[in-house]
Structure formats: structure tokens, C-alpha cells
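All of these numbers come straight from a predicted model, not from anything done at the bench. No hydrogens, no waters, no symmetry mates; every other heavy atom, side chains included, goes into these values.
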Amino acid sequence: MRINAKKSDTSHLLQNASIADFYANKNIFITGATGFMGKVLLETLLRKCGQINCIYILVRMKRGVDPVQRYHDYVDDMIFDNIRNTTPERLTKIKLISGDITEENLGIGQKDELELIENVHILFHCAAKAKFSLTLRDALSFNLHGTLRVLHLAEKMRNLLVFSHFSTSYCNPNFKVLEEAYIEPFEDPFNVIKALTSGNEKDLETMEPKLMRGMPNTYAVSKLLTEELVFRFSDRINFVITRPAVVISAWQEPYPGYVDNKKNGMIGPMMARASGALRTILSNPNKLIEFIPVDIATHAIIAMTCKRGLLEGNEILYCNIVDTKTKPWTFKQYFDLEMETFYKYPLRNQLWWPYCVITGNKFYYNFRRVFYHYLPAAIGDFFTIVFRRKPQLIFVQRKFDRGMKTLGFYNRREYLYKNEQFLNLPKEMNEKDRELFYCDFERLNMEEVLRNYVLGVRKFILKITDTDSLEFRRGLLTLYWYVDLLVLIIFYAVAFAVILLLLLFLFDREGFLKIFNDLFKSFMFLAQNNFVIKDEVLEKCNRS
């Protein structure tokens with residue numbers, strides 16, 4: 001791995017500047033504006049940098065809904081309610097650009113392209129597919145080749161000051177130290193794009209073993225190559241590359257606990273744990289969580305983009321938006337808080353008593369996987385088939401397994417993140433910006449942040465806001481707890497009996513045969529009496 005050693009002193013750039021003034025009268029282009037981070041970014045810019053001239057957003061057709069309809073639905077979203085109630089005229093600054101990052105020239109019409117080339121000052125490239133289960137071709141087509149198309153457009157922009165590229169702290173997971181600097185990849189991104197677009201499937205298949213060597217998923221591969229692609233354009237475009245860790249719900253803004261991305265890698269397992277379906281996590285319980293609230297991450301990105309705009313020269317600024325040391329929380333602490341919140345605020349469709357064990361031991365994890373996941377799922381699917389419904393619990397458990405396999409790679413490893421840029425940002429800002437674009441971990445109440453995360457998923461993703469049936473659900477949850485305890489007692493009693501009989505068979509075969517014979521006689525006796533306990537049966541039992 002090679003990194004840039006040369007770094008300029010940029011600590012003074014924000015001290016005598018105003019972030020809002022930097023964005024005043026600027027035209028901004030955002031890719032991925034309809035995603036979670038893109039949406040929060042746009043709302044923050046409109047609300048806090050009111051003098052922005054225009055914000056262009058790239059919107060594609062999705063699931064049969066055309067870009068125009070998606071644009072109107074977007075502007076009507078509840079995230080903009082604060083702006084709608086105070087300064088509604090700012091929403092008119094959002095301008096639609098119909099296009100698709102996977103199409104040549106981004107699928108943008110000639111008129112829209114000319115408008116972007118003439119007017120855009122700042123470009124935020126948020127668009128990315130963050131699914132770990134993507135095929136290599138899909139991940140590279142969207143994240144790598146899509147970024148190349150955005151870079152080609154950015155090259156033409158006559159007034160472009162900054163290209164702000166969203167990356168990830170997990171772009172190079174094979175190295176346990178992530179510097180705030182350039183990382184040399186293992187392959188030339190242009191060679192990869194050439195293989196991707198050659199039309200011959202075997203070209204990419206031949207390259208795949210080298211690309212995937214030691215990498216846990218295709219997402220990490222695509223993001224590392226994309227950073228190299230950005231680096232290749234740094235002689236023509238001014239870049240800032242920000243690398244957020246696991247982005248979770250908002251601490252304060254736009255609303256405490258706000259989250260709208262149900263496909264987030266952490267939300268699916270959380271909902272499964274809340275419902276009682278997921279009861280075992282493969283992770284080091286003492287590993288420090290790498291969560292970053294979306295408003296903290298967004299403010300840091302806005303500030304770093306401003307900082308790069310004030311910096312002369314073609315140096316790329318890197319910022320790792322992660323902090324595990326200022327307010328350290330372990331996975332064990334987080335899951336305990338999560339369970340406590342689930343007990344207090346149960347879901348509507350509770351499958352079972354929510355209970356989760358965190359273990360880094362693969363043998364114990366696989367044991368619990370069989371007996372606490374697949375066995376109950378198989379029983380549930382059996383009864384589902386009996387009642388002529390579609391079985392799906394086994395399918396869901398397999399899906400959890402695939403997720404655990406990927407997350408387990410990260411959750412059992414400790415990483416060291418160099419984050420001087422991120423830690424120094426609040427100190428470099430003036431007092432007004434420090435309050436307006438807060439990104440200081442010292443101010444965070446982590447318990448409040450994490451509890452709001454759990455409640456935010458309940459409120460904004462599951463749309464559960466009722467309180468009238470809360471007591472009923474708590475009572476039902478208590479019943480599940482007693483049933484769960486009873487099942488556990490029966491399970492261990494049967495397991496103990498099996499072990500005891502096995503030991504008797506191995507060391508006292510005669511005694512084992514006697515016990516087995518007595519049990520068989522008792523069973524036959526009950527069978528002959530149709531399992532009905534009457535007075536005469538009790539007498540026979542006493543005599544025998």
C-alpha cells in the first residue's frame with residue numbers, strides 16, 4: 001500500500017471563513033440525492049445555507065415511476081417539513097435533471113447537460129450501491145463505471161470549484177490501519193472498466209480472482225477502485241474524498257432518530273432481533289462500534305467540501321468520518337441497550353421474545369444457528385404448510401446467514417482509523433459554524449444517539465407511532481418470555497436425559513436396558529388404557 005506523504009497545512013482555512021457564505025450564490029449538483037445521505041445533505045444545505053442559488057438533482061426512473069413523478073414525491077417528503085413551514089420558497093431551488101448513472105453520458109439530455117456545464121460550482125457524488133450481496137459486475141457497473149461517467153461530465157464544467165466524492169471507511173478492509181490519504185489499489189481501474197465493457201464475460205471472470213483476493217464483498221472492491229479513478233482525475237479537478245463509517249439515524253437534525261433507508265446493512269438485522277427472529281450475532285462483543293449519526297457525517301462533508309474549495313492547488317483532501325475513541329461503546333453495550341428498548345417498546349408483529357447472544361466463537365455460533373434459528377424456522381414452516389400458506393422462515397434465516405457472513409468479517413476485526421481531519425474540524429471552524437454544522441463527538445450523548453436509532457427505525461421505517469396498544473404488546477411479550485423459558489427448560493431437560501442415557505449405555509449397559517424396558521412397559525400400559533387416567537388406572541399404577 002502506498003500513500004501520499006505530502007500534506008498541506010489546511011487548519012487555518014475555516015477559521016476566517018463562513019461555510020454558509022461559501023455556498024451562497026452557488027449552483028450545486030447532487031447525484032444520489034434520493035438516497036438517505038443525499039436527502040439529508042440536500043435538506044441541510046437548503047435549511048442552513050439559504051443563499052444557495054440552485055440545487056440540481058439527478059433522478060432516474062425506478063420501478064416504473066418516471067423521474068418527474070419521483071421528483072414531486074421527493075419534494076413532498078416529510079424530511080422537508082421544517083423548510084416547508086418556515087421558508088417554503090427554498091424548495092423551488094431544487095431542480096430536476098432526468099438521468100441515470102448507469103447510462104452513457106448519465107442519460108442526460110443535451111439541454112440539461114449544457115445547463116450543468118455552464119452553471120455548476122460544486123458537485124456532490126453520493127450515488128452508490130452499498131449492497132454487499134451484489135455481483136462483481138453489478139457493483140463495478142454502478143459504483144466504478146458510473147463514477148467515470150460523472151467525472152467525464154465534471155471535466156466539462158467550466159465553473160466547478162469542488163468535486164466532493166463519498167467513499168467509505170471500509171474501502172480497504174484487508175489493512176487494519178486506514179490513513180487519511182491515498183491508497184494504492186491492486187488493479188488499474190481503467191483495465192477493469194475495459195474488461196467490464198468488452199462484451200466478453202470471460203474478461204471480467206479472468207480478473208475476478210485478483211480483484212476479490214482477501215476482500216469480503218464486491219462493494220469494498222468497487223469503492224477502492226473508484227477512489228483510484230478519482231485520483232487519476234486530480235490534475236484537472238479539485239477533489240475532497242470523505243469516508244464515513246456506518247451511518248445511522250440522526251442525532252438531532254432533521255429529526256432525532258430520523259432514518260429512511262430500510263436497506264441499510266444494520267437495520268434489517270435490527271428489525272429481525274426486535275421481532276425475535278434473530279437470536280445470535282457473530283461478532284466480537286468487545287469490539288468498539290463504528291457508528292456515525294447522519295447529521296454529524298453530513299456536517300463534516302459540507303465543511304470538508306468548503307475547506308477544499310478554499311484550498312489552492314490540486315491536492316486531494318481525505319477525511320475518515322469515524323471516531324471510536326472519544327465516546328467508546330462496545331457491541332455488547334449497544335445490543336444490551338437495543339434489547340432493553342425492544343422490551344419497553346415491542347413491535348406490532350412480534351414473532352418471539354427478543355433475545356440475542358453475541359459471540360465471536362464460530363462453533364458456538366453455528367450451534368445456536370441450528371437450534372435457535374433453523375429448528376424453530378423449520379417447525380414454523382411446517383405449520384405454515386399445514387395451514388396452506390407459503391413457508392418463508394427458512395428462506396429468511398438463509399438470508400440472515402449471508403448477511404452475518406459478510407458482517408462477521410468486519411465485526412470480529414479491530415481497525416485503527418486515522419482521523420485527524422475529522423477530529424480537528426470543529427476546532428478549525430468559527431464559533432457560529434461550530435454550532436450550525438456541529439460534528440464534535442465530545443458533544444454526543446451516545447446512549448441518547450443509540451436509543452434514538454432504535455426508536456427511529458420503529459417510527460420512520462416501521463411507521464409505529466401508536467401507544468394505545470403498547471401495554472397489550474408488553475403483556476404479550478411477557479407471555480412469550482414465559483413460553484421461551486418453558487421451551488428452554490424442556491430442551492435442556494431432554495438434552496440432559498439423552499446425555500444421561502448415552503452415558504448409561506456406554507458404561508452400564510445392563511442398567512440402561514432395564515430403564516429402557518421399564519419405559520417401554522409404561523408406554524404400552526398407557527397406550528392400552530388410551531392415555532386416560534381413571535381411578536382404576538391409578539390403582540393399577542400404584543400396584544405396579
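- Using a cut-off of 4.0 Å between Lys/Arg side-chain N and Asp/Glu carboxylate O, R232 and E228 are scored as salt-bridged.
- Taking the six-membered ring for Trp, Y219 and F132 have ring centres closer than 6.0 Å.
- A side-chain donor-acceptor contact under 3.5 Å links H125 and T147.
- Taking the six-membered ring wherever Trp is involved, the centroid distance between the rings of F291 and W329 does not fall below 6.0 Å.
- For R60 and E103, the salt-bridge test fails: no basic side-chain N is under 4.0 Å from an acidic carboxylate O.
- Qualifying salt bridge (Lys or Arg N to Asp or Glu O under 4.0 Å) partners for D336, counting only residues two or more places apart in sequence or in other chains: K332.
- Using a cut-off of 4.0 Å between Lys/Arg side-chain N and Asp/Glu carboxylate O, D81 and R84 are scored as salt-bridged.
- No hydrogens or angles considered: a donor-acceptor pair under 3.5 Å links the side chains of N27 and N53.
- Between F422 and Y417, the distance separating the two ring centers is not shorter than 6.0 angstrom.
- Using bins of under 30°, 30° to 60° and over 60° for the plane-to-plane angle, the ring pair Y438/W251 lands in the perpendicular bin.
- Remark: the D100 side chain and the T102 side chain contain an N/O donor-acceptor pair separated by less than 3.5 Å.
- When atom types are taken as modelled, the side chain of Y170 and the backbone of A220 share no donor-acceptor pair closer than 3.5 angstrom.
- F186 does not carry K210 over the face of its six-membered ring by the limits of under 6.0 Å from the centre and within 45° of the normal.
- No option in L116, I237, N238 other than I237 meets the side chain to side chain contact (heavy atoms under 4.5 Å, CB included) test with L160.
- Salt bridge annotation for R434-D440: absent, with no cationic side-chain nitrogen under 4.0 angstrom from a carboxylate oxygen.
- Around atom NZ of K287, more than 12 heavy atoms belonging to other residues, nucleotides or ligands sit under 6.0 Å away.
- Under the 4.0 Å criterion applied to side-chain N and carboxylate O atoms, K39 and D260 are assigned as salt-bridge partners.
- Minimum interatomic distance between I301 and S164 (heavy atoms only, all atoms of both residues): CG2-OG, 3.9 Å.
- Checking each of Y372, Y364, Y365 against V357 for a side chain to side chain contact (heavy atoms under 4.5 Å, CB included) leaves exactly one that passes, namely Y364.
- Using a 4.5 Å heavy-atom threshold, the side chains of I248 and V259 count as separate.
- Test F163, Y318, F124 against F239 for ring-ring contact (aromatic ring centres under 6.0 Å, His included) and you get one pass: F163.
- Under the 30°/60° scheme for interplanar angles, the aromatic rings of F190 and F233 are found to be tilted.
- Taking the side chain as every heavy atom from C-beta outward, Y23 and I28 approach each other to under 4.5 Å.
- Checked for salt-bridge contact, E179 and K418 meet the test: a charged N lies under 4.0 Å from a carboxylate O.
- Within 6.0 Å of CD on Q51 lie no more than 12 heavy atoms contributed by other residues, nucleotides or ligands.
- Looking at T298, its side chain never comes within 3.5 Å of a backbone N or O of D295 through a donor-acceptor pair.
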